[in-house]
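Scroll down for the structure; my scribbles are underneath it.
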Amino acid sequence: MIHRGILRRVMVLLAGLLVGHAALAQAQKLDIDIINGSASALPIAVVPFGFEGSSVPPETNPGEIVRADLARSGQFRTLPKADIVEFPTRQSEVKFATWRLLKQDYLVVGRMAESGDGALRVEWELFDVAKQQQIGNGAIGGQRTGLRDIAHQIADAVYEKILGVRGAFWTRIAYITATGAAPNYQYALMVADSDGYNPQVVVRSRESLMSPTWSPDGRKLAYVSFESGNSSIYVQDLGTGSRQIVSNSKGINSAPAFSPDGNRLAVSLSKGGNPDIYVMDLGSRQLTQVTKHFAIDTEARWAPDGQSLYFTSDRSGKPQIYQVPPSGGEPTRVTFEGQYNASPSVVDAKGIKLAMVQGSGNVYRIAILDRATNQYTPVSPGSQDEHPSFAPNGSMLLYAASEGSRGVLYAVSADGRVRQRLGLAEGDVREPAWGPFRQR
């Protein structure tokens, strides 16, 4: 039986515990408000895409979505729709002098054409205004219901053409919500597009749900549920809806994290007394104990190359981040600045940049550690920020924050210069997890 003192310490350490969250209806979206911008952002005009067909134009205009994606990236300063004075749909209609007068560096135009059976073909072109040259173009086909996905893919392509970095707009996020009031909360694990649209309920429960984490192919989620009375780790297939318990050993089962190849799961289990890090082979369910210490070891996250695990431990007296091979061994302490460093998120293969929750007193902020320079960059204002999760291209990260009695999500650029509030239309949200790149 777990000692109550240990359990309390684990609950303090584990990031993102749900307290009093409100509901998210399936039809709602996350409302995005840009809090601040970057003076170095590149000016770009995205013209609403034209429609070439005999039927009623779609309600969704891909150009509007592309504009919104680029604006929330923090890398671009998009021309407001009200300031767009010409509406070209192809290169032959573009008057570069107009866009030079509007002081735009880049221009995106496009069009939709009917291709039979209700499908559409969306074509786009990207121009360098100063050079008066087309620097990118493409075409994507699909159904009207899939226009948002098409638009996100176009935004990704524009982002990559200009910046040389793969865009992460056509990705998904997972998060936890709760409905009602204590003691009758109803929890939900949700999945939505990266801009908050198309939210879908993955699972509902009257008991707590925690710690969603994506498989590297984006087809599964692992998470913690208390529906059986004790914490258990589930893996759920998003396509079929089927799920299975992968760990329900005596004591605490928490903090799952898929390996980069998707074949293993790092978990925190207290089956040996105190919570330690284990690695489970998902095929055989065989466990490898990675850490063995009287402290609490939890929140393991894989380096993208699969050669290291970063985890939170209070073995030094306060929560700090450590690194250890997945086969086990003596952990190496990574963080030294500040009394509290927890909830690591890793994005680059060598673990050069780590996002974390950094605490001092009663203030908890998101910070990014550049291990090459040993410099910490705060990227959130606090005071109760938690659970950072990098976008797969490392350009931004999600985190949860408390604003009064309400929980909200923020997305912030990796340099901290651009921050966006993703507040729910109704209620609160916690424990965000940014999903991997989707297959093109």
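The shown structure was predicted, so the numbers you read here are calculated from the model rather than taken from an experiment. One-based numbering along the sequence shown.
For the atom pair H387 NE2 and L397 CG, the distance stands at 12.5 Å (nearest 0.5 Å). Distance check: Y278 OH to L309 CG gives 14.0 Å after rounding to the nearest 0.5 Å. Of the inter-residue distances, the one linking E64 atom CD with R148 atom CZ reads 10.5 Å to the nearest 0.5 angstrom.
Using a 30° and 60° split on the angle between ring planes, Y399 and Y410 fall in the parallel class, below 30°. Ring-plane geometry between Y234 and Y223 is classed as parallel, the angle between the planes falling under 30 degrees on a 0 to 90 degree scale with a further cut at 60.
Counting only N and O atoms by type, the side chains of R166 and S395 include no donor and acceptor under 3.5 Å apart. Under the 3.5 Å distance criterion, with hydrogens and angles disregarded, no donor-acceptor pair is assigned to the side chains of S259 and N263.
Closest heavy-atom contact between S249 and L269: OG-CD2, 4.2 Å. Taking every heavy atom of both residues into account, F258 and L221 meet most closely at CE1-C, 4.3 Å. Scanning all heavy atoms of the two residues, the minimum distance from V122 to P62 falls at CG1-CG, 4.3 Å.
The neighbour count for R219 CZ, taken as heavy atoms of other residues, nucleotides or ligands under 6.0 Å away, does not exceed 12. Other residues, nucleotides and ligands place more than 12 heavy atoms under 6.0 Å from the CZ atom of R333.
Looking at S194, its side chain does come within 3.5 Å of a backbone N or O of F169 through a donor-acceptor pair.
Here the rule is side chain to side chain contact (heavy atoms under 4.5 Å, CB included) with L70, and of V46, L42, I65 only V46 fits it.
Between E125 and R111 there is a salt bridge, since at least one side-chain N of the basic residue sits less than 4.0 Å from a carboxylate O of the acidic one.
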